[in-house]
Amino acid sequence: MFAIADANNFYASCERVFQPKLEGKPIVVLSNNDGCVIARSAEAKLLQVAMGAPYFKIEQYCKQEGIAVFSSNFSLYGDLSQRVMQIISGYAQRSEIYSIDEIFLDLSGMPWDLTTYCQGICSTVKQWTGIPISIGIAPTKTLAKLANRLVKKGLSAHGAVLDWRTLDAPDEALATIALDDIWGISRRWSEKLKALDIHNALALKKTEPKRMRQYFGVVMERIVFELRGASCIPLEAMPPAKKQIMTSRSFGEKLTEFADLRAAVTYFAARAGEKCRRQKLAAQALTVFIQTSPFDSQHPQYGNSATTEFELPTHDSAILIQAAHQGLERIFRQGYSYQRAGILLPDLLPAGVAQMSLFDTGEPSARSEQLMATLDNINRLHGKKSIQYASEILSNRWHMRQQFKSQSYTTNWRELLTITI
DNA sequence: TCTGGGGTCCTAGGACCC
DNA sequence: TCTGGGGTCCTAGGACCC
């Protein structure tokens, strides 16, 4: 038996925890650079604010309807997510954190009533963190996700929890579920399914799995089996090591100067190095990429990338930064307005298991390890950006617009919530 | 003026191994 | 007429997730 616990409108709920006056009020959260809508409270959904809507197109509407607008605050969301996950994972022997606001639980073999048990999880999480969650329970992950979806639509007889097995007419419920509401099916596949005269989850369940495999591949075949109640997608209690790490951003304003881009990619390379070290991985190569805005039809477009391979796998920020600079020099062209850049570390290995080169003594890498550990410690103890590479801060013109950002209430001593009486 | 930032898996084809 | 059998690795493209 699987359960999926999922926070309701997670980013909007995080903002509401620290501004309870927004209870019952519409909230939207914007992407980096305040570009487009990436989260909406239930009230904002009722006001027909679309997911992904560019903010500049709905700004007036938000003001008119009194919608509270926030820039994304990932240090807040990440921290609250950790707290929620820690609480929920205590309720099962095995669990899998699936995304920032979702966690699967293995509820196999539990002798008590699972609906009551999960209702207890919901109320504890709400009481301890202020975040509302919903839980779907079923014999497969795909059905658990659907049960969760029915909860969100208000179709559960048990509040925030629904056990698929307690449905009186599960097939009738499936018949009401649109294809692209199924986990793993998006617009293209649902269109292709409709062309085959398959129009809802029940119809898909009744297809022949082998035939679906011929049309779509093994992924769709598994979905059909899962809809039938045969589990094909196991719980992954141990998250597999990352295969690649990316750090990229759109800029607050278009950049034309090499020096501004160089500061940006330096920052990205340093962040990618931090991620790499935290996950105990090392990069065999680094790709730097830059591009102009695909929405800008007035100016000439250009995008390019350059990859540098390392002699030895590394997670030393200085080496990553140097490679990023060299790559940028190769691809930078004068005369374009750049909108976005980033760093990709494409082929990661576990740190410390690398093949040494014939003449390597190991000593420089020991010094590098020490230096990186010290750097990470300083930034952990004294806050992000306490110590940075000089070339990161030679320009800040690329910095994101974040006009509506709330405080980092839980991760920064200088931004604690203050209450005036 | 203004449109996010991360990731994964599968498949097919080509090149190569013994 | 007849033309082995079993693999791996890499890449690009296409799909999906949050």
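Because the structure is predicted, anything quoted here is derived from the model rather than measured. Below, read A as the first sequence line, B as the second, and so on, with proteins coming before strands; counting in each chain starts at 1.
In this structure, the CD1 atom of A:Ile58 is 17 Å from the P atom of B:dC2, given to the nearest Å. Separating the CZ atom of A:Arg187 from the C1' atom of C:dA15 is a distance of 12 Å, rounded to the nearest angstrom. Distance A:Leu348 CG to B:dG7 P: 9 Å, rounded to the nearest Å. The nearest whole Å value for the distance from the CZ atom in A:Phe404 to the C1' atom in B:dG4 is 16 Å. Rounded to an integer number of Å, the gap from CZ of A:Phe104 to P of C:dC17 is 12 Å. As rounded to whole Å, 13 Å separates atom C1' of B:dT8 from atom CG of A:Leu344. One interatomic measurement links the two molecules: CD of A:Glu226 to C1' of C:dC17, which rounds to 15 Å at whole-angstrom precision. Remark: P of B:dT11 and CH2 of A:Trp189 are 9 Å apart, rounded to the nearest angstrom.
Contact check, A:Ser250 against B:dT3: no side-chain N or O comes under 4.0 Å of OP1 or OP2. Distances shown here put every side-chain N or O of A:Lys275 at or beyond 4.0 Å from the OP1 or OP2 atom of B:dG5. Of the side-chain N and O atoms in A:Lys254, one or more sit less than 4.0 angstrom from OP1 or OP2 of B:dC2.
The side-chain ring of A:Phe295 is stacked on the base of B:dT3, judged by centre separation under 5.5 angstrom and plane angle under 30 degrees.
Out of B:dC10, B:dG6, B:dG7, the shortest distance to the side chain of A:Thr247 is found at B:dG6. Comparing C:dC18, B:dT8, B:dG5 by their nearest atom to the side chain of A:Ser248 picks out B:dG5. Which of B:dG6, C:dC16, B:dC10 sits closest to the side chain of A:Ser186 comes down to C:dC16.
A salt bridge links A:Lys205 with A:Asp171: the closest approach of a Lys/Arg side-chain nitrogen to an acidic carboxylate oxygen falls below 4.0 angstrom. Salt-bridge formation is not detected for the pair A:Lys385/A:Glu392: no Lys NZ or Arg NE/NH1/NH2 atom is positioned less than 4.0 Å from an Asp or Glu carboxylate oxygen. For the pair A:Lys141 and A:Glu96, the salt-bridge criterion is met [side-chain N within less than 4.0 Å of a carboxylate O].
For A:Ser134 and A:Asn148, the side-chain atoms include no donor-acceptor pair closer than 3.5 Å.
Under the 30°/60° scheme for interplanar angles, the aromatic rings of A:Tyr77 and A:Tyr11 are found to lie parallel.
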